[in-house]
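Lettering follows sequence order; numbering is per chain, from 1. Keep in mind that this is a model prediction, so the values were computed, not measured.
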Amino acid sequence: MLSRRDFLKLVIKGAIMGNFCELIAPSLAQSVVAGEVKKLPVVMIETGTCTGDSISLDNIWTPTFSDILSNIVDWRYDWSMMQTQGASAYKVLQETYEKMPNEYILIVQGSMIQRDNGHYNHVVFDNGKLITGLELVRRMGLKAKYVVAIGSCATFGGPVAGYPNPTQATGVQNILPERRVINVSGCPAHPDWIMGTLLHLALYGEPELEKFGRPKLFYAETVHNRCPRRRDYDQGIFATDIGQKQCLFRVGCKGPVTYADCPIRRWNDHLNWPIGCNTPCIGCTEPGYPDLMSPFTAHLPDIPFPGGTKVSTDAIGLGVLGLTSVALVGHAATALYNGRLQKNLLKASVKAPNRPSVKKVKTIHQYKLKKNMK
Amino acid sequence: MKQPFKMRKPVLIKLKRASIKGEMVLFQPIWVRIFHWGFAASLTVILLTGLELHKPANFLILNYGKVLTAHLVFGWFALGFVALRIADALIQRDNSLIPKIHDLKRLPKLMAYYFFLRPAPPPSRKYNSGQLLIYFSWFLLFLVASLLGLVSYWQGKHLIWLWHLVGGFQVLRWIKFTITIYFLATIPVHIYLSSTEDISRLQAMVTGYERKPPNNS
């Protein structure tokens, strides 16, 4: 079986060569055939989602997603990929829950809708009763061997939890505080990040996680640190508009605050990535996306005010400085007009209140006796 | 031969008193002055480089690696000056920068003075209540900004609890920007008031000494 060290090397090599799954799949399939690794039972529950992560995962090339499903993992329940539907599909999920406790991996895609006990997000029909995503994820999550949240919505709430968040959407970790949730963030998550995490779980258990519960394999460095345009930034060569080939920092690139290995792994089978297309990174892997990252062409997020108005942070800063300037000029003018300024400046030079003038009023003559008078 | 000049004693006393332009008192000890000017210079560089790093100016073509280095180096300098001031305050048992309740009670009267509703400011300790509030807030906010600066410098490798508390890099960036705006809004107020209210205080921050008016006894 592949050692963990070799696996980590393949993660980096695969990122650079753009064929991570192709590199890892043969040895893993051999291990599965040899019985060294058990086929991983996986269930995927989709809650408040656009299914973008499933589409992203389907873009694995090569091997294809079907190769992975048939040779490497036991992909048991996934309503986007299953041929069956309705009660027969739900039966598979129930069987996994009852017969494979602490064996299966639960993948959650989509945010957790909390408002009105989650009744704006029904995910299955169980004996005539609608089950909410909230309830199903909690039930399945408590018995899963590992819980993996994929995509921005499942990890930190994502666009569904955007301001004003009418459905009170949140990430999986917040509704499953008893379990450590492995977050594979991104909008969508890169197929290598999803599959690499699953393979690490199958082969070596839980990967080392960073500060927000994301595997360090993929989220250890900022986009900025590995960006091929970093030299432009260091030398102060900036694009002034989207579409230019210099560093996109000035047009709102979130690379400096975004942890992901996009610069080396790239997207669509290593073909390209946002900065390669001369558009700034929008920070989709970070908590608070998209509210904290929008507008995508400015560094700092707009500040919401009551009534739904949003004002840019830079405008607020300039406004505060403008007000201060106006206040100081006004104060100085008033102080000059009513004499306070002159009074304060004169008061500061300390002298005696009444300097006496001296004039000679009397001359005292001293007389000496002449010698011959003695 | 020059004749000796004699003056009556009461006139002499009066003249001597008149020639005294006030007693010289040490108002700002040397370490306070070193801190003040060192911190002011460092903070100026930090704020300017921070703004440049936040939003590169169109009219400047700077080496950003060097701007970042200057930001970090002067951040450490400023922290050093703050440490010096704290050590001096502890050794001298100087609590003149810590606001007390009775200082804050005088704030409305002081504000009334600044808004031209009173002819004179209320009596105060070394610093008035407005100065105390601003200086103390600078001290706290500078320490917060420094801590956040270290968090962003280490990029989540250390001080992870603070990273969680803040909620991510973008929030951290926003807090630092807000603190910068607070400094940029209050520093001009400090400069304006110190140069228009009592200029001898400004002189004392250079020479250390201030003249006190003589007692009219």
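Counting heavy atoms from C-beta on, the side chains of A/N344 and B/T196 never come closer than 4.5 Å. Residues A/D314 and B/F177 form a side-chain contact, since some pair of their non-hydrogen atoms from C-beta on lies under 4.5 Å apart. Using a 4.5 Å heavy-atom cutoff, the side chains of B/H54 and A/H299 are in contact.
Only the side chain of A/I303 comes within contact range of chain B, with heavy atoms under 4.5 Å apart. With a 4.5 Å cut-off on non-hydrogen atoms, B/T178 does not touch chain A at all. Neither the backbone nor the side chain of A/A298 comes within less than 4.5 Å of any heavy atom of chain B. Of the two parts of A/N338, only the side chain, counted from C-beta on, holds a non-hydrogen atom closer than 4.5 Å to a non-hydrogen atom of chain B. Looking at B/I191, there are no atoms closer than 4.5 Å to chain A (heavy atoms on both sides), in backbone or side chain.
Contacts with chain B were tallied for A/E210, A/M293, A/E286; A/M293 has the most, counting heavy-atom pairs under 4.5 Å. Of the listed residues B/Q203, B/H164, B/K66, B/E52, the one with more heavy-atom pairs under 4.5 angstrom with chain A than any other is B/H164.
Other residues, nucleotides and ligands contribute only 12 or fewer heavy atoms inside 6.0 Å of the NZ atom of B/K105. Under a cut-off of 6.0 angstrom, the local environment of OH in B/Y209 is sparse, with at most 12 non-hydrogen atoms contributed by other residues, nucleotides or ligands. Summarising the local packing, CZ of B/F77 is surrounded by 12 or fewer heavy atoms from other residues, nucleotides or ligands at distances under 6.0 Å.
Interface residues of residues 318-329 of chain A toward chain B, defined by a heavy-atom distance below 4.5 Å and sorted by number: A/V320, A/L321, A/T324, A/L328. Scanning residues 248-255 of chain A against chain B with a 4.5 Å non-hydrogen threshold yields A/F249, A/R250, A/K254, sorted by number. Of residues 111-124 of chain B, those residues with a non-hydrogen atom less than 4.5 Å from any non-hydrogen atom of chain A are, in numerical order, B/Y113, B/Y114, B/F116, B/R118, B/P119.
Considering NZ of B/K55 and CG of A/L300, their distance stands at 9.5 Å, rounded to 0.5 Å.
Side chain of A/Y233 to main chain of B/G65: no donor-acceptor pair is present (N/O by atom type, distance under 3.5 Å, no hydrogens or angles). The backbone N or O of B/N63 sits nowhere less than 3.5 Å from a side-chain atom of A/Q235 that would complete a donor-acceptor pair.
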What pairs of donor and acceptor atoms, side-chain ones from residues 181-188 of chain B against any protein atom, are under 3.5 angstrom apart with sequence neighbours left out?
residue : atom : partner : partner atom : Å
B/Y182  : OH   : B/S137  : OG           : 2.7
B/T186  : OG1  : B/W138  : NE1          : 2.8
B/T186  : OG1  : B/Y182  : O            : 2.7
B/T186  : OG1  : B/F183  : O            : 3.4

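In this structure, A/P287 and B/G167 approach most closely via the heavy-atom pair CB-O, 4.3 Å.
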